[in-house]
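Since the structure comes first, as C-alpha coordinates, the remarks are kept for the end.
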Amino acid sequence: MKNTIGREIPEDIIWYDEVINYSAPFSKEPVGRKIAPLLKQVKPNESKVVSSLEELIKKVGLKDGMTISFHHHFRNGDYILNNVIDTIAKMGLKDITIVPSSLSTIHESLVEHIKNGVITGIHTSGIRGRLAEEISNGLMEKPIVIRSHGGRARAIEAGEIKIDVAFLGAPSCDPYGNSRGKGENTICGSLGYSKVDAAYADQVVIITDDLVPYPNCPASISQTNVDYVIKVDAIGNPSGIASGATRFTKNPKELLIAQYASKLIVNSPYFKDGFSFQTGSGGSSLAVTRFLKEEMKDKNIKARFALGGITKPMVEMHEEGFIEQLFDVQSFDLVACESIIKNPNHHEIDASFYANPHNKGCIANQLDVVILSALEIDTNFHVNVITGSDGIIRGASGGHSDTAAASKLSIIVAPLIRGRIPTVVDQVNTIITPGETVDVLVTDRGIAINPRRKDLLEIFKNTDLPIFTIEELKEKAEKVVGKGRPIEYLERVVGIVEYRDGSIIDVIKQVK
(Lines give C-alpha, C1' and ligand atoms only; values in the text may rest on other atoms or scores of the structure.)
Protein backbone atom coordinates (compact mmCIF):
# COMPACT_ATOMS: atom_id res chain seq x y z
CA MET A 1 0.00 0.00 0.00
CA LYS A 2 1.17 3.53 -0.77
CA ASN A 3 1.27 6.40 1.69
CA THR A 4 0.14 9.91 0.77
CA ILE A 5 3.50 10.82 -0.74
CA GLY A 6 3.57 7.79 -3.01
CA ARG A 7 5.92 5.46 -1.13
CA GLU A 8 5.08 1.76 -1.13
CA ILE A 9 4.90 0.53 2.47
CA PRO A 10 4.54 -3.17 3.43
CA GLU A 11 1.27 -4.06 5.18
CA ASP A 12 3.10 -6.20 7.73
CA ILE A 13 6.33 -5.09 9.43
CA ILE A 14 7.82 -7.25 12.16
CA TRP A 15 8.22 -4.43 14.67
CA TYR A 16 4.63 -3.15 14.45
CA ASP A 17 1.29 -4.58 15.62
CA GLU A 18 -0.34 -2.11 13.24
CA VAL A 19 1.42 -0.30 10.40
CA ILE A 20 0.25 3.32 10.15
CA ASN A 21 1.25 5.07 6.96
CA TYR A 22 2.45 8.65 6.86
CA SER A 23 -0.37 11.00 5.92
CA ALA A 24 0.54 14.59 6.86
CA PRO A 25 2.94 16.30 9.30
CA PHE A 26 0.46 16.67 12.15
CA SER A 27 -2.32 14.25 11.25
CA LYS A 28 -1.48 11.45 13.73
CA GLU A 29 -2.88 12.29 17.15
CA PRO A 30 -1.39 10.69 20.28
CA VAL A 31 -3.58 8.45 22.43
CA GLY A 32 -3.08 6.79 25.82
CA ARG A 33 -0.58 7.57 28.55
CA LYS A 34 3.16 7.72 28.94
CA ILE A 35 4.79 4.53 30.19
CA ALA A 36 6.50 4.36 33.57
CA PRO A 37 9.63 2.52 34.70
CA LEU A 38 9.55 -0.15 37.41
CA LEU A 39 9.22 0.90 41.05
CA LYS A 40 12.27 0.09 43.16
CA GLN A 41 13.57 0.68 46.68
CA VAL A 42 17.19 1.42 47.59
CA LYS A 43 17.72 1.12 51.35
CA PRO A 44 20.12 3.22 53.45
CA ASN A 45 23.74 2.04 53.21
CA GLU A 46 22.92 -0.05 50.14
CA SER A 47 25.58 0.37 47.43
CA LYS A 48 24.88 0.88 43.75
CA VAL A 49 28.52 0.44 42.73
CA VAL A 50 29.37 -2.72 40.83
CA SER A 51 32.92 -3.92 40.15
CA SER A 52 32.70 -5.46 36.67
CA LEU A 53 30.51 -5.45 33.56
CA GLU A 54 29.89 -9.19 34.01
CA GLU A 55 28.58 -8.64 37.55
CA LEU A 56 26.52 -5.71 36.31
CA ILE A 57 24.87 -7.70 33.54
CA LYS A 58 23.99 -10.46 36.02
CA LYS A 59 22.56 -7.94 38.50
CA VAL A 60 20.26 -6.31 35.94
CA GLY A 61 19.07 -9.77 34.89
CA LEU A 62 19.74 -9.28 31.21
CA LYS A 63 18.31 -12.18 29.20
CA ASP A 64 18.02 -13.35 25.62
CA GLY A 65 15.48 -11.27 23.69
CA MET A 66 15.76 -8.09 25.78
CA THR A 67 16.18 -4.50 24.58
CA ILE A 68 19.04 -2.26 25.70
CA SER A 69 19.83 1.36 24.91
CA PHE A 70 22.85 3.64 24.52
CA HIS A 71 23.44 7.30 23.67
CA HIS A 72 25.76 8.85 21.10
CA HIS A 73 27.18 11.93 22.87
CA PHE A 74 30.64 10.31 22.67
CA ARG A 75 30.24 10.09 18.89
CA ASN A 76 33.22 8.45 17.18
CA GLY A 77 35.12 8.25 20.47
CA ASP A 78 32.59 5.94 22.13
CA TYR A 79 33.98 2.86 23.92
CA ILE A 80 30.87 1.95 25.90
CA LEU A 81 28.59 0.33 23.33
CA ASN A 82 31.33 -1.95 21.98
CA ASN A 83 32.53 -2.96 25.47
CA VAL A 84 29.03 -3.78 26.71
CA ILE A 85 28.14 -5.81 23.60
CA ASP A 86 31.50 -7.65 23.70
CA THR A 87 30.79 -8.60 27.32
CA ILE A 88 27.24 -9.68 26.54
CA ALA A 89 28.61 -11.88 23.74
CA LYS A 90 31.20 -13.49 26.04
CA MET A 91 28.42 -14.30 28.53
CA GLY A 92 26.55 -16.18 25.80
CA LEU A 93 23.49 -13.93 25.49
CA LYS A 94 21.64 -13.82 22.15
CA ASP A 95 18.79 -12.08 20.36
CA ILE A 96 19.42 -8.61 21.85
CA THR A 97 17.81 -5.50 20.33
CA ILE A 98 19.84 -2.31 20.69
CA VAL A 99 18.35 1.19 20.73
CA PRO A 100 21.24 3.66 20.46
CA SER A 101 20.36 7.28 19.76
CA SER A 102 22.83 6.99 16.84
CA LEU A 103 25.69 4.77 15.58
CA SER A 104 29.10 5.80 14.20
CA THR A 105 31.92 4.15 12.27
CA ILE A 106 33.51 3.12 15.58
CA HIS A 107 30.71 0.59 16.04
CA GLU A 108 31.64 -1.66 13.10
CA SER A 109 32.38 -4.55 15.47
CA LEU A 110 28.60 -4.94 15.69
CA VAL A 111 28.80 -6.64 12.30
CA GLU A 112 30.30 -9.77 13.89
CA HIS A 113 27.80 -9.68 16.75
CA ILE A 114 24.95 -9.56 14.25
CA LYS A 115 26.44 -12.51 12.35
CA ASN A 116 26.77 -14.58 15.54
CA GLY A 117 23.22 -13.83 16.68
CA VAL A 118 23.98 -11.63 19.69
CA ILE A 119 22.34 -8.57 18.07
CA THR A 120 19.14 -9.18 16.10
CA GLY A 121 17.49 -5.75 16.15
CA ILE A 122 18.58 -2.13 15.78
CA HIS A 123 16.52 1.03 16.32
CA THR A 124 18.53 4.20 15.80
CA SER A 125 18.60 7.66 14.26
CA GLY A 126 21.72 7.18 12.16
CA ILE A 127 24.27 4.64 11.11
CA ARG A 128 27.53 4.92 9.20
CA GLY A 129 30.59 3.03 7.99
CA ARG A 130 31.00 -0.72 7.43
CA LEU A 131 28.04 -1.56 9.67
CA ALA A 132 25.76 0.60 7.51
CA GLU A 133 27.16 -0.91 4.31
CA GLU A 134 26.62 -4.48 5.55
CA ILE A 135 23.06 -3.69 6.66
CA SER A 136 22.33 -2.05 3.29
CA ASN A 137 23.49 -5.30 1.69
CA GLY A 138 21.12 -7.45 3.75
CA LEU A 139 23.12 -8.36 6.88
CA MET A 140 20.16 -8.38 9.24
CA GLU A 141 17.09 -10.59 9.13
CA LYS A 142 14.90 -7.89 10.72
CA PRO A 143 14.91 -4.39 9.18
CA ILE A 144 16.47 -1.63 11.24
CA VAL A 145 14.19 1.21 12.31
CA ILE A 146 15.26 4.82 11.69
CA ARG A 147 13.72 7.50 13.89
CA SER A 148 14.32 11.23 14.28
CA HIS A 149 15.62 12.52 17.61
CA GLY A 150 12.16 13.80 18.53
CA GLY A 151 10.56 10.62 17.20
CA ARG A 152 12.83 8.42 19.35
CA ALA A 153 11.89 10.36 22.48
CA ARG A 154 8.21 10.10 21.52
CA ALA A 155 8.45 6.34 20.93
CA ILE A 156 10.15 5.78 24.31
CA GLU A 157 7.59 7.86 26.20
CA ALA A 158 4.72 6.15 24.38
CA GLY A 159 6.08 2.68 25.18
CA GLU A 160 6.63 1.82 21.51
CA ILE A 161 10.28 1.29 22.46
CA LYS A 162 10.47 -0.60 25.76
CA ILE A 163 14.00 -0.35 27.17
CA ASP A 164 14.86 -3.14 29.60
CA VAL A 165 18.29 -1.74 30.48
CA ALA A 166 19.85 1.62 29.55
CA PHE A 167 23.66 1.58 29.53
CA LEU A 168 24.56 5.26 29.79
CA GLY A 169 28.08 6.66 29.75
CA ALA A 170 28.88 9.72 31.87
CA PRO A 171 32.18 11.62 32.14
CA SER A 172 31.64 11.86 35.91
CA CYS A 173 29.32 10.15 38.37
CA ASP A 174 29.06 9.74 42.13
CA PRO A 175 28.38 6.37 43.81
CA TYR A 176 24.64 7.10 43.93
CA GLY A 177 24.31 7.81 40.21
CA ASN A 178 24.33 11.61 39.87
CA SER A 179 25.98 12.07 36.47
CA ARG A 180 27.45 15.01 34.59
CA GLY A 181 28.91 15.67 31.12
CA LYS A 182 32.34 16.70 32.40
CA GLY A 183 34.89 14.62 34.25
CA GLU A 184 38.58 14.31 34.94
CA ASN A 185 39.25 12.28 31.79
CA THR A 186 36.46 13.07 29.35
CA ILE A 187 33.92 15.74 28.50
CA CYS A 188 30.83 15.63 26.29
CA GLY A 189 28.81 18.59 27.59
CA SER A 190 25.09 17.90 27.21
CA LEU A 191 23.72 14.42 28.00
CA GLY A 192 20.41 15.36 26.38
CA TYR A 193 19.62 12.12 24.52
CA SER A 194 20.40 9.88 27.50
CA LYS A 195 18.07 11.78 29.83
CA VAL A 196 14.99 10.27 28.17
CA ASP A 197 16.44 6.74 28.46
CA ALA A 198 17.22 7.37 32.15
CA ALA A 199 13.67 8.50 32.82
CA TYR A 200 11.85 5.59 31.15
CA ALA A 201 14.10 2.48 31.09
CA ASP A 202 13.24 -0.29 33.55
CA GLN A 203 16.85 -0.32 34.75
CA VAL A 204 19.51 2.34 34.33
CA VAL A 205 23.25 1.80 34.54
CA ILE A 206 25.83 4.60 34.58
CA ILE A 207 29.26 3.73 33.20
CA THR A 208 31.96 6.25 34.07
CA ASP A 209 35.73 6.64 34.17
CA ASP A 210 35.57 9.30 36.87
CA LEU A 211 33.81 8.16 40.06
CA VAL A 212 33.63 11.28 42.23
CA PRO A 213 32.48 11.86 45.83
CA TYR A 214 28.76 12.35 46.53
CA PRO A 215 26.99 14.61 45.55
CA ASN A 216 27.99 15.24 41.90
CA CYS A 217 25.60 18.13 41.32
CA PRO A 218 24.05 19.79 39.44
CA ALA A 219 23.43 16.45 37.76
CA SER A 220 22.29 15.81 34.19
CA ILE A 221 21.02 12.37 35.25
CA SER A 222 19.61 12.11 38.76
CA GLN A 223 20.33 9.41 41.35
CA THR A 224 16.58 8.75 41.55
CA ASN A 225 16.69 7.19 38.07
CA VAL A 226 19.89 5.13 38.45
CA ASP A 227 20.06 1.48 39.54
CA TYR A 228 23.79 0.75 39.28
CA VAL A 229 27.11 2.54 38.78
CA ILE A 230 30.32 1.07 37.41
CA LYS A 231 33.77 2.63 37.01
CA VAL A 232 35.81 1.50 34.02
CA ASP A 233 39.28 2.47 32.79
CA ALA A 234 37.99 4.62 29.91
CA ILE A 235 34.57 5.44 28.49
CA GLY A 236 35.90 6.94 25.27
CA ASN A 237 38.60 8.64 23.27
CA PRO A 238 38.52 12.35 24.25
CA SER A 239 39.56 13.50 20.75
CA GLY A 240 36.69 11.53 19.18
CA ILE A 241 34.21 12.74 21.79
CA ALA A 242 34.94 16.44 21.65
CA SER A 243 35.86 16.83 17.98
CA GLY A 244 32.24 16.61 16.88
CA ALA A 245 31.25 17.37 13.32
CA THR A 246 32.19 21.04 13.27
CA ARG A 247 34.55 22.61 10.77
CA PHE A 248 35.07 26.07 9.34
CA THR A 249 34.80 25.94 5.59
CA LYS A 250 36.98 27.66 3.01
CA ASN A 251 35.12 25.93 0.20
CA PRO A 252 33.87 28.68 -2.19
CA LYS A 253 30.67 26.74 -2.95
CA GLU A 254 29.81 26.36 0.73
CA LEU A 255 30.57 30.00 1.42
CA LEU A 256 28.36 31.10 -1.49
CA ILE A 257 25.52 28.89 -0.23
CA ALA A 258 25.95 30.39 3.24
CA GLN A 259 25.85 33.94 1.85
CA TYR A 260 22.63 33.21 -0.06
CA ALA A 261 21.05 31.55 2.98
CA SER A 262 22.06 34.42 5.25
CA LYS A 263 20.59 37.01 2.82
CA LEU A 264 17.40 34.97 2.62
CA ILE A 265 17.04 34.92 6.41
CA VAL A 266 17.86 38.62 6.77
CA ASN A 267 15.24 39.59 4.19
CA SER A 268 12.58 37.24 5.62
CA PRO A 269 9.89 38.45 8.06
CA TYR A 270 11.50 36.33 10.80
CA PHE A 271 14.77 38.29 11.12
CA LYS A 272 13.92 40.70 13.90
CA ASP A 273 14.87 41.35 17.49
CA GLY A 274 14.07 38.28 19.59
CA PHE A 275 14.14 35.75 16.75
CA SER A 276 15.41 32.17 17.17
CA PHE A 277 17.41 29.82 15.00
CA GLN A 278 19.16 26.47 14.60
CA THR A 279 22.03 26.12 12.14
CA GLY A 280 23.69 22.74 12.76
CA SER A 281 27.34 21.84 12.23
CA GLY A 282 28.08 21.36 8.50
CA GLY A 283 30.40 23.67 6.53
CA SER A 284 27.67 25.86 5.05
CA SER A 285 25.64 25.83 8.27
CA LEU A 286 28.54 27.10 10.38
CA ALA A 287 29.25 29.76 7.78
CA VAL A 288 25.61 30.90 7.94
CA THR A 289 26.08 31.45 11.67
CA ARG A 290 29.11 33.66 11.00
CA PHE A 291 27.33 35.71 8.29
CA LEU A 292 24.23 36.08 10.47
CA LYS A 293 26.36 37.45 13.29
CA GLU A 294 27.63 40.27 11.06
CA GLU A 295 24.08 41.14 9.96
CA MET A 296 22.86 41.10 13.55
CA LYS A 297 25.72 43.41 14.54
CA ASP A 298 24.95 45.84 11.68
CA LYS A 299 21.21 45.94 12.39
CA ASN A 300 21.46 45.75 16.20
CA ILE A 301 19.37 42.58 16.33
CA LYS A 302 19.67 39.97 19.07
CA ALA A 303 18.33 36.42 19.05
CA ARG A 304 16.20 35.20 21.95
CA PHE A 305 17.62 31.67 21.64
CA ALA A 306 19.56 29.20 19.52
CA LEU A 307 18.74 25.51 19.57
CA GLY A 308 19.92 21.99 18.81
CA GLY A 309 23.49 20.83 18.53
CA ILE A 310 25.46 23.76 19.91
CA THR A 311 28.78 24.83 18.34
CA LYS A 312 31.66 27.20 19.06
CA PRO A 313 30.27 30.02 16.84
CA MET A 314 26.96 29.91 18.74
CA VAL A 315 28.78 30.00 22.08
CA GLU A 316 30.81 33.01 20.92
CA MET A 317 27.64 34.82 19.83
CA HIS A 318 26.06 34.00 23.20
CA GLU A 319 29.06 35.28 25.16
CA GLU A 320 29.18 38.45 23.01
CA GLY A 321 25.49 39.13 23.67
CA PHE A 322 24.04 38.28 20.24
CA ILE A 323 22.14 35.20 21.51
CA GLU A 324 20.35 35.44 24.84
CA GLN A 325 20.01 31.72 25.59
CA LEU A 326 21.35 28.43 24.21
CA PHE A 327 19.31 25.21 24.40
CA ASP A 328 21.65 22.26 23.94
CA VAL A 329 20.65 18.66 23.25
CA GLN A 330 24.20 17.78 22.16
CA SER A 331 27.42 19.78 22.40
CA PHE A 332 29.26 19.51 19.09
CA ASP A 333 32.73 20.70 20.11
CA LEU A 334 34.96 21.32 23.11
CA VAL A 335 34.00 25.00 23.38
CA ALA A 336 30.30 24.06 23.61
CA CYS A 337 31.13 21.32 26.16
CA GLU A 338 32.87 23.86 28.41
CA SER A 339 30.23 26.53 27.87
CA ILE A 340 27.35 24.42 29.16
CA ILE A 341 29.24 24.03 32.44
CA LYS A 342 30.12 27.71 32.94
CA ASN A 343 27.41 29.78 31.18
CA PRO A 344 24.15 29.90 33.21
CA ASN A 345 22.03 30.65 30.12
CA HIS A 346 23.46 27.70 28.19
CA HIS A 347 20.80 25.11 29.05
CA GLU A 348 20.96 21.34 28.77
CA ILE A 349 17.71 19.93 27.34
CA ASP A 350 16.49 16.40 26.73
CA ALA A 351 15.36 15.08 23.36
CA SER A 352 11.68 15.25 24.31
CA PHE A 353 11.91 18.93 25.26
CA TYR A 354 13.83 19.44 22.01
CA ALA A 355 11.54 17.92 19.42
CA ASN A 356 9.02 15.30 20.64
CA PRO A 357 5.83 16.03 18.65
CA HIS A 358 3.58 14.29 21.20
CA ASN A 359 4.33 16.10 24.45
CA LYS A 360 2.71 19.34 25.58
CA GLY A 361 4.96 21.54 23.47
CA CYS A 362 8.56 20.98 22.37
CA ILE A 363 10.92 23.93 21.98
CA ALA A 364 11.26 23.25 18.23
CA ASN A 365 7.68 24.58 17.96
CA GLN A 366 9.06 27.98 19.00
CA LEU A 367 11.82 27.97 16.39
CA ASP A 368 11.78 30.69 13.73
CA VAL A 369 14.51 29.57 11.32
CA VAL A 370 16.33 26.26 10.83
CA ILE A 371 19.18 25.47 8.44
CA LEU A 372 19.33 21.82 7.37
CA SER A 373 21.46 19.78 4.98
CA ALA A 374 20.51 17.25 2.26
CA LEU A 375 22.07 14.40 0.34
CA GLU A 376 19.24 14.71 -2.18
CA ILE A 377 16.12 16.81 -2.60
CA ASP A 378 13.48 16.15 -5.22
CA THR A 379 11.11 18.33 -7.19
CA ASN A 380 8.44 17.81 -4.50
CA PHE A 381 10.96 19.16 -1.94
CA HIS A 382 11.19 15.75 -0.21
CA VAL A 383 14.64 15.42 1.43
CA ASN A 384 16.95 12.44 1.82
CA VAL A 385 19.70 12.56 4.47
CA ILE A 386 20.10 8.84 5.09
CA THR A 387 21.06 6.95 1.88
CA GLY A 388 23.78 7.90 -0.59
CA SER A 389 23.62 7.99 -4.37
CA ASP A 390 24.56 4.28 -4.34
CA GLY A 391 21.66 3.38 -2.04
CA ILE A 392 23.97 2.64 0.91
CA ILE A 393 22.97 3.98 4.33
CA ARG A 394 25.48 6.66 5.29
CA GLY A 395 23.73 9.32 7.36
CA ALA A 396 21.29 10.11 10.12
CA SER A 397 17.74 11.32 10.43
CA GLY A 398 18.72 13.44 13.46
CA GLY A 399 16.40 16.35 14.10
CA HIS A 400 15.84 16.98 10.38
CA SER A 401 12.14 16.18 10.06
CA ASP A 402 11.45 17.49 13.58
CA THR A 403 12.71 21.01 13.02
CA ALA A 404 11.54 21.22 9.41
CA ALA A 405 7.97 20.57 10.56
CA ALA A 406 8.07 22.71 13.69
CA SER A 407 9.94 25.84 12.53
CA LYS A 408 8.47 28.82 10.74
CA LEU A 409 11.17 28.81 8.02
CA SER A 410 13.05 25.63 7.06
CA ILE A 411 15.98 26.13 4.70
CA ILE A 412 17.86 23.28 3.04
CA VAL A 413 21.46 24.10 2.07
CA ALA A 414 23.30 21.84 -0.38
CA PRO A 415 25.57 22.09 -3.43
CA LEU A 416 23.63 21.68 -6.68
CA ILE A 417 26.15 19.03 -7.73
CA ARG A 418 28.11 16.84 -5.33
CA GLY A 419 31.03 15.20 -7.14
CA ARG A 420 29.41 14.15 -10.41
CA ILE A 421 26.03 13.56 -8.77
CA PRO A 422 23.10 16.02 -8.99
CA THR A 423 21.56 16.94 -5.65
CA VAL A 424 18.18 17.93 -7.11
CA VAL A 425 16.45 14.87 -8.59
CA ASP A 426 13.06 13.73 -9.78
CA GLN A 427 12.59 11.45 -6.79
CA VAL A 428 14.85 10.97 -3.78
CA ASN A 429 16.02 7.47 -2.85
CA THR A 430 14.68 7.72 0.70
CA ILE A 431 12.34 10.30 2.21
CA ILE A 432 13.31 11.44 5.69
CA THR A 433 11.61 14.85 5.59
CA PRO A 434 8.41 15.39 3.58
CA GLY A 435 8.43 18.26 1.10
CA GLU A 436 5.40 19.94 2.61
CA THR A 437 7.57 20.88 5.62
CA VAL A 438 10.47 22.26 3.55
CA ASP A 439 10.27 25.93 2.61
CA VAL A 440 13.42 26.81 0.66
CA LEU A 441 16.36 25.11 -1.05
CA VAL A 442 19.58 27.14 -1.26
CA THR A 443 22.33 25.88 -3.58
CA ASP A 444 25.49 27.43 -5.04
CA ARG A 445 23.67 27.84 -8.39
CA GLY A 446 20.42 29.35 -7.14
CA ILE A 447 17.53 29.24 -4.72
CA ALA A 448 14.17 27.48 -5.02
CA ILE A 449 11.19 28.42 -2.86
CA ASN A 450 8.51 25.80 -2.26
CA PRO A 451 5.38 26.92 -4.19
CA ARG A 452 3.40 26.23 -1.03
CA ARG A 453 5.10 29.32 0.47
CA LYS A 454 3.39 31.97 -1.66
CA ASP A 455 4.26 34.58 0.99
CA LEU A 456 7.99 33.95 0.51
CA LEU A 457 7.66 33.92 -3.28
CA GLU A 458 6.07 37.36 -3.09
CA ILE A 459 8.72 38.73 -0.71
CA PHE A 460 11.68 37.54 -2.78
CA LYS A 461 10.40 38.08 -6.33
CA ASN A 462 12.11 41.48 -6.70
CA THR A 463 15.30 40.86 -4.74
CA ASP A 464 18.78 40.30 -6.20
CA LEU A 465 18.82 36.73 -4.94
CA PRO A 466 18.96 34.12 -7.78
CA ILE A 467 15.47 32.61 -7.45
CA PHE A 468 14.49 29.69 -9.71
CA THR A 469 11.92 26.95 -9.64
CA ILE A 470 13.22 23.66 -8.29
CA GLU A 471 12.64 22.14 -11.74
CA GLU A 472 14.94 24.80 -13.22
CA LEU A 473 17.63 23.94 -10.66
CA LYS A 474 17.29 20.27 -11.56
CA GLU A 475 17.76 21.11 -15.25
CA LYS A 476 20.84 23.20 -14.42
CA ALA A 477 22.39 20.24 -12.65
CA GLU A 478 21.48 17.79 -15.39
CA LYS A 479 23.02 20.03 -18.06
CA VAL A 480 26.36 19.65 -16.27
CA VAL A 481 26.37 16.03 -15.12
CA GLY A 482 23.30 14.45 -16.71
CA LYS A 483 20.68 12.45 -14.83
CA GLY A 484 21.80 10.22 -11.99
CA ARG A 485 21.81 6.50 -12.72
CA PRO A 486 18.88 4.69 -11.01
CA ILE A 487 19.92 2.46 -8.12
CA GLU A 488 19.06 -1.20 -8.46
CA TYR A 489 17.35 -2.63 -5.37
CA LEU A 490 16.13 -6.06 -4.38
CA GLU A 491 12.62 -6.38 -2.96
CA ARG A 492 13.84 -7.13 0.55
CA VAL A 493 13.35 -4.28 3.06
CA VAL A 494 16.42 -3.62 5.22
CA GLY A 495 15.27 -0.40 6.90
CA ILE A 496 12.03 1.24 8.06
CA VAL A 497 11.90 5.03 8.20
CA GLU A 498 9.47 6.33 10.79
CA TYR A 499 8.21 9.86 10.60
CA ARG A 500 8.45 11.75 13.90
CA ASP A 501 4.85 10.87 14.82
CA GLY A 502 5.39 7.10 14.45
CA SER A 503 3.81 6.69 11.01
CA ILE A 504 5.87 5.03 8.28
CA ILE A 505 7.14 7.48 5.70
CA ASP A 506 9.46 5.22 3.69
CA VAL A 507 11.44 2.00 3.59
CA ILE A 508 15.04 1.25 2.59
CA LYS A 509 15.50 -1.76 0.33
CA GLN A 510 18.54 -4.01 -0.03
CA VAL A 511 20.92 -2.78 -2.72
CA LYS A 512 21.51 -5.18 -5.62
Side-chain angles (χ1 to χ4, degrees), residues 48-53 56 69-84 100-104 106-107 165-199 201 204-246 281 309-312 315 326-344 346-351:
K48 295 183 180 181
V49 179
V50 177
S51 60
S52 71
L53 276 175
L56 181 72
S69 77
F70 302 87
H71 65 87
H72 75 286
H73 293 94
F74 301 158
R75 290 180 281 273
N76 221 28
D78 177 38
Y79 292 167
I80 287 178
L81 188 150
N82 290 342
N83 286 342
V84 169
S101 51
S102 199
L103 290 165
S104 301
I106 197 170
H107 300 122
V165 186
F167 292 91
L168 306 178
S172 69
C173 180
D174 66 35
Y176 231 40
N178 295 299
S179 306
R180 303 185 71 193
K182 182 177 183 181
E184 184 71 23
N185 308 305
T186 53
I187 184 168
C188 68
S190 174
L191 284 167
Y193 297 120
S194 61
K195 289 164 78 75
V196 177
D197 301 42
V204 175
V205 172
I206 300 295
I207 302 174
T208 187
D209 54 9
D210 187 17
L211 190 62
V212 300
Y214 183 89
N216 186 32
C217 291
S220 299
I221 296 173
S222 166
Q223 63 187 47
T224 57
N225 288 327
V226 177
D227 295 84
Y228 297 104
V229 175
I230 181 171
K231 182 180 183 300
V232 296
D233 291 338
I235 58 173
N237 178 345
S239 63
I241 294 171
S243 62
T246 58
S281 62
I310 298 300
T311 59
K312 177 183 175 182
V315 171
L326 299 174
F327 290 91
D328 188 342
V329 71
Q330 64 175 323
S331 310
F332 271 133
D333 53 39
L334 190 58
V335 172
C337 291
E338 294 285 357
S339 169
I340 202 170
I341 306 294
K342 69 179 183 182
N343 285 317
H346 184 162
H347 310 290
E348 182 180 38
I349 59 171
D350 66 47

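We're numbering straight along the sequence, starting at 1.
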Anything under 30° is parallel, anything over 60° is perpendicular, the rest tilted; go ahead and classify Phe70 against Phe167. parallel
Close side-chain approach of Ile207 and Val84, heavy atoms under 4.5 Å: yes
Heavy-atom donor-acceptor pair, Asp197 side chain to Ala166 backbone, under 3.5 Å: no
Test item: Leu56 and Val205 side chains (from C-beta on) under 4.5 Å apart, heavy atoms: yes
Measure from the side-chain N and O atoms of Asp174 to the backbone N and O of Asn216, and report whether any donor-acceptor pair falls under 3.5 Å. yes
For Asp328, all residues meeting side-chain hydrogen bond (donor to acceptor under 3.5 Å, both in side chains), sequence neighbours excluded: Ser331, His346
Taking Asp210 for its side chain and Glu184 for its backbone only, find out whether a donor-acceptor pair lies under 3.5 Å. yes
Counterpart residues, ring pair (Phe, Tyr, Trp, His ring centres under 6.0 Å), relative to Tyr193 (two or more places apart): His72, His73, His149
Taking Asp227 for its side chain and Val204 for its backbone only, find out whether a donor-acceptor pair lies under 3.5 Å. yes
Are any side-chain N or O atoms of Ser172 and backbone N or O atoms of Lys182, one a donor and one an acceptor, separated by less than 3.5 Å? yes
Keeping Ser104 on the side-chain end and Ile106 on the backbone end, is there a donor-acceptor pair under 3.5 Å? no
Quick one: does Glu348's side chain have a donor or acceptor within less than 3.5 Å of a partner on Leu191's backbone? yes
Under the salt bridge (charged side-chain N to carboxylate O under 4.0 Å, His left out) test, residues paired with Lys48 that sit two or more places apart: none
Check whether any side-chain N or O of Asp209 sits under 3.5 Å from a backbone N or O of Ile235 as a donor-acceptor pair, and report yes or no. yes
When you measure from the side chain of Asp78 to the backbone of Phe74, do you find a donor-acceptor pair of N or O atoms at a distance under 3.5 Å? no
Donor-acceptor contact present, side-chain Arg180 to main-chain Ser220, <3.5 Å: no
Are any non-hydrogen side-chain atoms of Leu168 and Val226 less than 4.5 angstrom apart? no
